[in-house]
Amino acid sequence: MSSQTLDKFLHEGLEDLKSQGLYNVIDPLESANGPTIQIQGRQLINLSSNNYLGLATDERLIHACVEATKFAGVGAGAVRTINGTLAVHVELEKKLAEFKHTEAAIAFQSGFNCNMGAISAVMDANDAILSDELNHASIIDGCRLSRAKIIRYKHSDMDDLRKQAKEARDSGKYQKLMVITDGVFSMDGDVAKLPEIIAIADEYDLITYVDDAHGSGVMGGGAGTVAHFGLSDKVDFQIGTLSKAIGVVGGYVAGRQELIDWLKVRARPFLFSTSLTPGSAAACITALDILMSSTELHDKLWANANYFKKGLKDLGFDIGHSESPITPCIIGEEVLTQEFSKRLYDNGVYAKSIVFPTVPRGTGRVRNMPTAAHTKEMLDSALSIYEKVGKELAIL
Ligand SMILES: *Cc1c(COP(=O)(O)O)cnc(C)c1O
């Protein structure tokens, strides 16, 4: 007999979501997650992946993954601290430190896992964390797990951050204080004000933690948002993911040697969850080699992003104030935004709508992620579909 309490909870919860139009139906891809994708037999221009540089399908990464898999198997066989640390993991961590201009780095199985482990390895119930209100869900959960007091500051509002940092410091209630921010915010594509954040951190002795999941490979010639501002030796924790621009899977912290040494004995996903597969680790190494040897893909990404942004803007769409390739097309009202995204889909463009509660009410948007792998023809074709749908729905 299944639990009736659970049955009732699940049934009512699902019905509730469905009646509000909030139940997400997932369409599986019948192709790789490239610049075009196939869903239900139809080819679509893909503007929804985080595969910024097209590396997810790069032949060089595939080759590295296959070779490492043949050599070391499909699974690492244990957690890092037992005997799941293979030579390829150590090489990846050395490469990450080089990429991020830090003394050392530690790799995790995902960016999400990394935030689960890294924050609570350092912060506890005697501490407080100042967190941007628009920080990623994994940061929020990582903060909760630490049991530190969470103090939210208004999005990128440096006066609010300074005020709250001062209050927290003056209260004398906390031992350690940390400030945490995304490097690039994923909904609007805006960049954290890192120079000001670092100045405030200096003033109030805050530990600094920057999650640059959307910035690595994208900002600062590829090295990320922290490098973009020339602050590589000023940020304590530089977090990144290996699942977005790097094209594979995994996450990491780059920082001082002692910080990394500490995380290797205290970050729970490192101690209690099996390490990255050898193939994934090898593919990441190849991706980092590519990024460090040439800015070609990075430059192509930006050229495509600028071209697409200008195209949408020239058509008359509101594209917000992105400072990264993330290109929101702000439609406004929730139902209209969803209808817009659906019509794009019907016409051959895959670009997901993002509405309340993920973004504030009335700021529903279709979020576009142009990548280095798109051709000009694909972008032109997407723009003409945008124009058609914009006119059909009287947005233009
Ligand atoms: C995507 C993202 C993550 C999660 O990374 P995964 O490697 O996909 O788990 C973590 N933090 C931020 C800021 C992100 O945007």
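Computed from a predicted model, the values in this text were never measured in an experiment. Read the numbers this way: they start at 1 and go in the same order the structure lists the ligands and their atoms.
Atoms of ligand 1 found under 4.0 Å from any heavy atom of F112 (numbered from 1 in listed order, with element): 4 (C), 5 (O), 6 (P), 9 (O). Near A213, meaning under 4.0 Å from any of its heavy atoms, are these atoms of ligand 1: 2 (C), 11 (N), 12 (C), 13 (C), 14 (C), 15 (O). Residue H214 approaches ligand 1 through these ligand atoms, each under 4.0 Å from one of its heavy atoms: 15 (O). Taking a cut-off of under 4.0 Å to the non-hydrogen atoms of T241, the atoms of ligand 1 that pass are 5 (O), 6 (P), 7 (O). For ligand 1, the atoms closer than 4.0 angstrom to any heavy atom of D182 are 13 (C).
The two residues L47 and A382 have their closest heavy-atom pair at CD1-CB, 4.1 Å.
At least one side-chain heavy atom of L276 sits less than 4.5 Å from a side-chain heavy atom of V249.
In this structure, a donor-acceptor pair under 3.5 Å is absent between the side chains of T181 and K193. No side-chain donor-acceptor contact under 3.5 Å links Y52 and S324.
For G250, the closest heavy-atom approach to ligand 1 falls below 4.0 Å. Ligand 1 is approached by S138 to a heavy-atom distance shorter than 4.0 Å.
The protein heavy-atom contact nearest to atom 13 (C) of ligand 1 is D211 OD2, 3.2 Å. Nearest to atom 8 (O) of ligand 1 among the protein's heavy atoms is S243 OG, 3.8 Å. The nearest heavy-atom contact from the protein to atom 2 (C) of ligand 1 is K244 NZ, 2.4 Å. Among protein heavy atoms, the minimum distance from atom 3 (C) of ligand 1 is reached at H136 CE1, 3.5 Å.
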Chi angles and distances behind the side-chain contact (heavy atoms from CB on, under 4.5 Å) call for V253, C114: CA-CA 7 Å; V253 183; C114 174; 3.6 Å; yes

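Taking any N or O of G111, backbone or side chain, at least one lies under 3.5 Å from an N or O belonging to ligand 1.
The side-chain tip of R42 points at the ring of Y345 from less than 6.0 angstrom away and within 45° of straight on.
Using cut-offs of 30° and 60° on the angle between ring planes, the pair Y386 and F340 is tilted.
In this structure, the ring of H374 has its center no less than 6.0 angstrom from the ring center of F308.
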